[in-house]
2 protein chains.
Amino acid sequence: MTADSHPTTGPIPNHGHDHAHCIADALMRADALCAERGARLTALRRQVLELVWTSHKPRGAYAILEDLSQREGKATAPLTVYRALEFLVEQGLVHRLESLNAYIGCAAPGAVHSGQFLVCETCGNAAEIDDPRIRAAIGTIAAERGFQVSRPTVEVRGTCTDCQEKTP
Amino acid sequence: MTADSHPTTGPIPNHGHDHAHCIADALMRADALCAERGARLTALRRQVLELVWTSHKPRGAYAILEDLSQREGKATAPLTVYRALEFLVEQGLVHRLESLNAYIGCAAPGAVHSGQFLVCETCGNAAEIDDPRIRAAIGTIAAERGFQVSRPTVEVRGTCTDCQEKTP
DNA sequence: TTCGGCGATGTTATAAGATAACGCCATGAC
DNA sequence: GTCATGGCGTTATCTTATAACATCGCCGAA
Ligand SMILES: [Zn+2]
Ligand SMILES: [Zn+2]
Ligand SMILES: [Zn+2]
Ligand SMILES: [Zn+2]
């Protein structure tokens with residue numbers, strides 16, 4: 001069993017953590033999941049996934065595009081990145097943050113979860129959470145109103161602990 | 001209560017309701033609130049608010065822009081609409097739906113609420129809710145993690161009752 | 001009343017995010 | 001090998017949003 005470097009129950013990762021491990025771990029899990037599902041994690045898609053994992057800040061498609069172009073040494077079209085992102089989102093390896101038009105690596109791919117985020121407006125980091133109380137509350141009110149949920153979006157913007165300490 | 005009645009208490013207003021009343025009511029409340037606050041609900045801003053209230057479907061800024069241009073009989077710049085929307089959002093008269101890049105009139109301006117929505121992916125209607133359980137759950141987990149909430153976003157996409165009946 | 005300040009609006013240009021349409025090519029089944 | 005599928009490249013275009021700067025008009029102070 002892999003060490004839980006980034007528990008989904010933890011706070012926003014601090015600057016001191018071993019991020020190379022995050023990346024390696026994410027890629028490894030992606031390989032395993034896609035192999036298991038018969039999904040094709042091509043070199044390009046894997047590359048884009050790695051670039052999404054550049055940090056724990058949500059990244060815009062065009063930021064990823066720039067990095068990709070630089071790595072490849074040639075200009076890449078936006079569509080290339082968008083198609084890769086679409087695949088990664090479908091596979092649950094990446095989430096799209098609606099309120100930021102940006103993408104972030106999933107903290108727990110493969111597991112059932114609904115995609116809830118705490119987004120710090122100061123440092124830009126986003127922590128994925130999967131709070132059963134929020135999930136339950138949404139399920140309850142939806143049921144009460146006869147609303148059939150397909151995709152719940154919870155993006156809580158605010159200030160993380162670190163940034164509160166720095167700017168009191 | 002008959003099986004095919006259309007309850008006005010449903011999650012999303014049905015097609016038969018008196019929408020002119022919705023609009024008039026929204027404008028009246030906006031007038032009152034802005035007067036109370038000393039905020040300037042100018043003719044332009046009031047016009048944009050009215051256009052946001054065209055229906056209970058979230059509307060894009062450029063759709064509003066088109067309507068506005070048509071009403072004025074002359075082309076209007078996007079910024080004009082965006083500035084009006086910015087004002088209306090600040091005043092809590094309009095909400096922005098992040099997952100749709102669209103705007104919708106607030107159902108309860110003036111009252112404290114966090115902006116939660118049930119969005120039907122079939123008919124496009126959106127119902128504003130303010131479920132205390134969801135609010136509480138978000139508050140709880142934020143407190144547990146030392147995260148200071150400034151703007152919670154909850155947008156639940158799915159299928160409303162009407163659309164479920166039409167397409168079983 | 002007139003003046004000055006400030007917020008609202010107009011104008012033009014551009015940034016940022018996303019998709020459409022078409023075709024080539026690699027992969028893998030048969 | 002042949003063929004079908006799906007991934008990827010290319011070009012163009014669309015939608016959404018903001019920047020920078022000029023002007024207008026309301027309102028209070030002199
Ligand atoms: Zn990390
Ligand atoms: Zn932070
Ligand atoms: Zn109505
Ligand atoms: Zn519906």
Side-chain angles (χ1 to χ4, degrees), chain A residues 30-31 34-35 37-52 57-91 93-104 124 153 155, chain B residues 30-31 34-35 37-52 57-91 93-104 124 153 155:
Chain A
D31 286 333
C34 287
R37 293 171 183 166
R40 293 172 58 186
L41 185 62
T42 64
L44 176 64
R45 290 168 173 173
R46 203 166 185 278
Q47 182 99 318
V48 169
L49 178 59
E50 191 177 348
L51 290 173
V52 167
K57 303 186 205 304
R59 304 199 77 201
Y62 278 71
I64 294 167
L65 176 62
E66 267 189 38
D67 288 358
L68 187 63
S69 296
Q70 201 167 353
R71 275 208 194 181
E72 301 287 320
K74 61 177 178 179
T76 309
L79 214 67
T80 302
V81 169
Y82 278 107
R83 283 195 284 226
L85 287 172
E86 184 185 16
F87 169 85
L88 295 170
V89 168
E90 272 171 7
Q91 295 297 322
L93 299 167
V94 163
H95 292 292
R96 176 183 154 78
L97 279 159
E98 304 290 352
S99 60
L100 297 174
N101 296 325
Y103 301 82
I104 192 171
T153 298
E155 297 173 11
Chain B
D31 285 333
C34 288
R37 293 171 183 165
R40 293 172 58 183
L41 185 61
T42 63
L44 176 65
R45 291 168 173 172
R46 203 167 185 276
Q47 182 99 316
V48 169
L49 177 59
E50 191 178 349
L51 290 172
V52 167
K57 302 188 206 303
R59 303 199 77 202
Y62 279 73
I64 294 167
L65 175 62
E66 268 190 37
D67 289 358
L68 187 63
S69 296
Q70 200 166 355
R71 276 206 193 183
E72 302 286 319
K74 61 177 179 181
T76 308
L79 248 182
T80 303
V81 169
Y82 278 105
R83 283 195 282 226
L85 287 172
E86 185 185 16
F87 170 85
L88 295 170
V89 169
E90 272 171 7
Q91 295 298 322
L93 299 168
V94 163
H95 292 293
R96 176 182 154 81
L97 280 158
E98 303 289 354
S99 61
L100 297 174
N101 295 327
Y103 302 82
I104 191 170
T153 298
E155 297 175 11

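These figures come from a predicted structure and were not determined experimentally. We name chains A, B, ... by the order of the sequence lines, and we start the count at 1 in each one.
- Using a 4.5 Å heavy-atom cutoff, the side chains of B/I104 and B/R96 are not in contact.
- Distance B/N101 CG to C/dA18 P: 8 Å, rounded to the nearest Å.
- Map B/T76 and A/L100 each onto its nearest nucleotide of DNA chain C; the residue landing nearer the 5' end is B/T76.
- Side-chain atoms of B/R71 never come within 3.5 Å of backbone atoms of B/L51 as a donor-acceptor pair (strictly under, hydrogens ignored).
- The side chain to side chain contact (heavy atoms under 4.5 Å, CB included) test with B/V48 singles out one residue from B/L65, B/D67, B/L88, and that residue is B/L88.
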Nucleotide by nucleotide, nucleotides 19-27 of chain C touches protein heavy atoms under 4.0 Å in the pattern (B base, S sugar-phosphate only, - none) BBB------
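- By the 4.5 Å heavy-atom criterion applied to side chains, A/V94 and A/F87 are not counted as neighbours.
- With a 4.5 Å cut-off on side-chain heavy atoms, B/D31 and B/R46 count as touching.
- Atom-to-atom, CD of B/Q47 to C1' of C/dT9 comes out at 14 Å; the value is rounded to the nearest Å.
- Under the 4.5 Å side-chain criterion, counting only non-hydrogen atoms from C-beta, A/Q47 is in contact with A/E72.
- The separation between B/L41 atom CG and C/dT9 atom C1' is 15 Å, rounded to whole Å.
- We find that CZ of B/R46 is positioned 14 Å from P of C/dT9, with the value rounded to whole Å.
- Per the geometry, CD belonging to A/E86 stands 18 Å off P belonging to C/dG17, to the nearest Å.
- Side-chain contact annotation: A/S99 with A/E155, donor-acceptor N/O pair under 3.5 Å present.
- On the nucleic acid side, DNA chain D contacts chain A at distances under 4.0 Å to non-hydrogen atoms, with the end points of that region at D/dG7 to D/dT11.
- Side-chain contact between B/L93 and B/R45 is absent, with no heavy atoms from C-beta onward closer than 4.5 Å.
- Note: CG (B/L85) to P (C/dA8) measures 15 Å, nearest angstrom.
- Residue A/R96 places none of its side-chain N or O atoms closer than 4.0 Å to OP1 or OP2 of C/dG17.
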Let me see the working for B/T153 and A/E98 under side chain to side chain contact (heavy atoms under 4.5 Å, CB included), right down to the final yes or no.
CA-CA 10 Å; B/T153 298; A/E98 304 290 352; over 6 Å; no
